[in-house]
Amino acid sequence: MKSLALAFAVTMLSVQASAGQSPHHAISPYADEATRDIESLSNADVEELTRGGGWGFAKPAELNGYPGPSHLLQMKEQIGLTQGQTDGIQLIFDAIRR
């Protein structure tokens, strides 16, 4: 029985290798993503980063009381930012987007 299983595995690896795929790509749930320009980024990720938007990395900071610059600017009236503070935060946000 072990010989049969080994022969099957070797055959499957050979078929996959001859098709130009690694065994990982054949069984990976991410196989369809291997053809993207940047394999690890979805089209939505690329669009978000290209437009200078966020990528959700600020969430842990915000949940611990440290909002990012875009959220501070959105809440400037509610939190009572001065014009100097708003200008300073805008400079930081503009630098991040560049």
Side-chain angles (χ1 to χ4, degrees):
M1 188 63 143
K2 288 182 183 179
S3 300
L4 182 59
L6 180 59
F8 178 75
V10 169
T11 302
M12 291 305 296
L13 291 173
S14 298
V15 169
Q16 290 168 351
S18 67
Q21 295 181 334
S22 72
H24 174 71
H25 280 154
I27 59 172
S28 172
Y30 309 110
D32 293 345
E33 298 173 10
T35 59
R36 297 193 281 201
D37 290 337
I38 303 173
E39 293 177 0
S40 61
L41 298 180
S42 70
N43 290 338
D45 290 336
V46 172
E47 288 173 16
E48 182 70 5
L49 293 171
T50 300
R51 76 169 189 81
W55 207 13
F57 291 141
K59 184 177 181 180
E62 285 199 41
L63 291 173
N64 287 288
Y66 299 97
S70 82
H71 297 116
L72 288 172
L73 293 170
Q74 290 170 2
M75 302 181 305
K76 64 185 175 187
E77 271 107 47
Q78 293 102 306
I79 60 176
L81 292 180
T82 66
Q83 188 59 50
Q85 290 170 322
T86 301
D87 293 344
I89 294 167
Q90 186 66 56
L91 286 173
I92 292 168
F93 184 61
D94 292 344
I96 291 170
R97 292 191 60 156
R98 277 193 302 281

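Heavy-atom basis, side chains included; hydrogens, waters and symmetry copies ignored.
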Q: For the residue pair R36 and L41, establish whether any side-chain heavy-atom pair is separated by less than 4.5 Å.
A: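 No, side chains not in contact.
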
Q: Crowded around N64 CG? As in, over 12 foreign heavy atoms under 6.0 Å?
A: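 Atom CG in N64 is packed in, count exceeds 12.
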
Q: Please name all residues satisfying side-chain contact (heavy atoms from CB on, under 4.5 Å) with Q83, sequence neighbours left out, ordered by chain then number.
A: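 T86, D87.
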
Q: Are M75 and I92 co-members of a hydrophobic cluster defined by side-chain heavy atoms under 4.5 Å apart?
A: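 No, I92 and M75 fall in different hydrophobic clusters.
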
Q: Do you reckon L49 sits in the same ILVMFWY cluster as I96, going by side-chain contacts under 4.5 Å, direct or chained?
A: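 No; tracing contacts between hydrophobic side chains, which count when under 4.5 Å, never links both residues.
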
Q: Compare all side-chain heavy atoms of I89 with those of L81 and state whether any distance is below 4.5 angstrom.
A: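 Sidechains of L81 and I89: in contact.
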
Q: Are the side chain of Q85 and the backbone of T82 linked by a donor-acceptor contact shorter than 3.5 Å?
A: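 Checked: pair present.
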
Q: Does a side chain donor of either E47 or N43 reach within less than 3.5 Å of an acceptor in the other side chain?
A: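 Not at all, the side chains of E47 and N43 share no donor-acceptor pair under 3.5 Å.
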
